[in-house]
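What follows is a set of notes on a single structure, which appears directly below.
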Amino acid sequence: MTGNEAVHKIIDEVKKVIVGKDDVIVDVITAFIADGHVLIDDIPGVGKTSLALALSKAMSLKYNRMQFTPDVLPSDVTGFTMYNKKTSDFEFKEGAIMCNLFLADEINRTSSKTQSALLEAMEEKTVTVDSQTHKLPNPFNVIATQNPVGSVGTHMLPESQLDRFMFCVSMGYPTVEDEAKMLKFKFENNSLDDVKPIIDGKGMAIIKAETRKVFVHDDVYMYISKIAGISRKMNEIELGISPRGSIAIMRAAQARAYIEGRNYVIPEDVNNIIIPCVRHRIVLSAASKAANETIENVVSKILKEAAR
């Protein structure tokens, strides 16, 4: 079984649990094989946790979930050192983040100090506790969920933290037909029990390595650079795409090409992943917000100008 075939089988397994959200499933898988992290910004109860559980089962990954309440400490996430009387030495006790797939549930409900404990792990794939650096398992990905800003007890994530996420997606409510299917599945059985493991952590690591080898032509590099450059100069935008964002677009485009069965990137791959890749990176100006402008409309203008 090729890596591309494995990815499509994983998508099919997750569809057993998440009904009618095929685009979201593909986006999350795209970020995973591009070695990126995902932020799900949505209201409670639409299947964010179920999506993460289904992915962990389909990929046979060690999965940990942490509810980010206001009293969660950074050491709960990263771990801590404890003195052992028997050995007369300090021992490292692993935190919840020592896994392959870490679900940070309602990340914007906890303190900024605890949120920042994720930054090193997401960027460097390591955690540092008492000046000792510990490597995280390979593969390692984060799915973080947040409630809409304005919900009780929530705090806005700073731009520096948002930029660590490759994708920001929203699941939204299901259609009437899809919700009826979901209710039927839930009545008949637990759909999570039906998810079969397709690959393991080693297999996912191989797929990630293959994704990095997908060819990117100089014209595509220029196309991505033009998109980022235009976003930094538009009057409608207060904060444009960062260089880290440009890298994320390139990696995600490689992953989307891989899913499509190609070993090279085309501009349509960039267009297909651009919205989830920049939704959380672009900050609209006050005038744009007052005019009820949307990120989608602004990005559409950017793509038209970059294609000239």
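Residues take their numbers from the sequence shown, with the count starting at 1.
In this structure the side chain of Val38 never reaches within 4.5 angstrom of the side chain of Val142, judged on heavy atoms. Looking only at side-chain heavy atoms (C-beta outward), Val278 and Phe167 stay at 4.5 Å or farther from each other. Between Lys57 and Pro197 there is no side-chain heavy-atom pair separated by less than 4.5 Å. At a threshold of 4.5 Å between non-hydrogen side-chain atoms, the residues Met234 and Ile302 count as touching. With contacts defined as side-chain heavy-atom distances shorter than 4.5 Å, the pair Ile237/Ser288 does not qualify. Two residues are said to be in side-chain contact when any heavy atoms from C-beta on lie closer than 4.5 Å; Asn4 and Ile207 fail this criterion. Contact check for Lys304 versus Ser300: side-chain heavy atoms found under the 4.5 Å cut-off. Put simply, the side chain of Thr145 does not reach to within 4.5 Å of the side chain of Ile107, judged on heavy atoms.
Under a 4.0 Å N-O distance rule, the pair Arg212/Glu210 does not qualify as a salt bridge. Between Arg256 and Asp27 there is a salt bridge, since at least one side-chain N of the basic residue sits less than 4.0 Å from a carboxylate O of the acidic one. Between Lys208 and Asp35, at least one side-chain N (NZ, or NE/NH1/NH2) sits under 4.0 Å from a carboxylate O, which counts as a salt bridge. Under the 4.0 Å criterion applied to side-chain N and carboxylate O atoms, Glu238 and Arg232 are not assigned as salt-bridge partners. Under the 4.0 Å criterion applied to side-chain N and carboxylate O atoms, Lys125 and Glu120 are not assigned as salt-bridge partners. Remark: Glu123 engages Arg244 in a salt bridge, criterion side-chain N to carboxylate O under 4.0 Å. Contact check on Arg262 versus Asp269 returns a salt bridge, with a Lys/Arg side-chain nitrogen under 4.0 Å from an Asp/Glu carboxylate oxygen. Residues Asp163 and Arg281 are paired through a salt bridge, judged by an N-O separation under 4.0 Å between the basic side chain and the carboxylate.
Results of the ring-ring contact (aromatic ring centres under 6.0 Å, His included) test with His134 over Phe92, Phe140, Phe80 single out Phe92 as the only residue that passes. Just one residue in the list Asp12, Ile10, Thr30, Val14 forms a side chain to side chain contact (heavy atoms under 4.5 Å, CB included) with Ile25, and that residue is Val14.
Formation of a donor-acceptor pair under 3.5 Å by the Asp200 side chain with backbone atoms of Ser60 is not found in this model. No donor-acceptor pair under 3.5 Å is formed between the side chain of Thr126 and the backbone N or O of Thr133. Looking at Asn271, its side chain never comes within 3.5 Å of a backbone N or O of Leu303 through a donor-acceptor pair. A donor-acceptor contact shorter than 3.5 Å is absent between the side chain of Thr128 and the backbone of Ser131. Although no hydrogens or angles enter the test, the distance criterion places a donor-acceptor pair under 3.5 Å between the side chain of Thr78 and the main chain of Pro74. Using modelled atom types, no side-chain atom of Lys62 and backbone atom of Phe102 make a donor-acceptor pair closer than 3.5 Å. No donor-acceptor distance shorter than 3.5 angstrom exists from the side chain of His217 to the backbone of Val265, with no hydrogens or angles considered. One N or O on the side chain of His37 and one on the backbone of Met122 form a donor-acceptor pair closer than 3.5 Å. Remark: side-chain polar atoms of Gln132 are not paired, donor with acceptor, to backbone N or O of Val129 under 3.5 angstrom. No donor-acceptor pair closer than 3.5 Å links the side chain of Gln254 to the backbone N or O of Lys213.
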(request) Decide side chain to side chain donor-acceptor pair (under 3.5 Å) for Thr69 and Asp71; before the verdict, give the C-alpha distance in whole Å, the side-chain angles of both, and the deciding distance to 0.1 Å. (result) CA-CA 6 Å; Thr69 54; Asp71 59 342; 2.5 Å; yes
(request) Could you please spell out the steps behind the side chain to side chain contact (heavy atoms under 4.5 Å, CB included) verdict for Ile198 and Met59? (result) CA-CA 6 Å; Ile198 302 301; Met59 295 185 285; over 6 Å; no
(message) With side chain to side chain contact (heavy atoms under 4.5 Å, CB included) as the criterion, how do Tyr223 and Val270 come out once you've worked through the C-alpha distance, each side chain's angles and the decisive distance to 0.1 Å?
(response) CA-CA 9 Å; Tyr223 182 53; Val270 176; 4.0 Å; yes
(request) Run the numbers on Thr294 and Asn297 for side chain to side chain donor-acceptor pair (under 3.5 Å), then give the verdict. (result) CA-CA 5 Å; Thr294 64; Asn297 288 340; 3.2 Å; yes
(request) Could you walk me through whether Asp130 and Thr81 pass side chain to side chain donor-acceptor pair (under 3.5 Å), step by step? (result) CA-CA 7 Å; Asp130 293 336; Thr81 53; 2.2 Å; yes
(request) Check step by step if salt bridge (Lys or Arg N to Asp or Glu O under 4.0 Å) holds for Lys301 and Glu293. (result) CA-CA 12 Å; Lys301 295 177 185 177; Glu293 187 65 274; 3.3 Å; yes
(request) Let me see the working for Leu136 and Asn100 under side chain to side chain contact (heavy atoms under 4.5 Å, CB included), right down to the final yes or no. (result) CA-CA 8 Å; Leu136 293 171; Asn100 300 119; over 6 Å; no
(message) Between Ile143 and Ile40, is the side chain to side chain contact (heavy atoms under 4.5 Å, CB included) condition met? List the steps.
(response) CA-CA 7 Å; Ile143 293 181; Ile40 305 178; 3.8 Å; yes
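By the 6.0 Å contact criterion, NZ on Lys202 is open, its count of non-hydrogen atoms from other residues, nucleotides or ligands being 12 or less.
Remark: the Glu106 side chain and the Gln146 side chain contain no N/O donor-acceptor pair separated by less than 3.5 Å.
Linking ILVMFWY side-chain heavy atoms closer than 4.5 Å, directly or via other members, places Ile275 and Ile266 in two distinct hydrophobic clusters. Ile18 and Tyr173 fall within a single hydrophobic cluster, where Ile, Leu, Val, Met, Phe, Trp and Tyr are joined by side-chain heavy atoms under 4.5 Å apart, directly or via other members. Hydrophobic clustering (ILVMFWY, side-chain heavy atoms < 4.5 Å, transitive): Leu51 and Val26 are in one cluster.
Residues Val127 and Ala121 approach most closely at CG1-CB, 4.1 Å, considering heavy atoms. Residues Ala255 and Ala34 share a closest heavy-atom pair of CB-CB, 3.8 Å. Of all the heavy atoms in Ile227 and Ala306, the pair that sits closest is CG1-CB, 3.8 Å.
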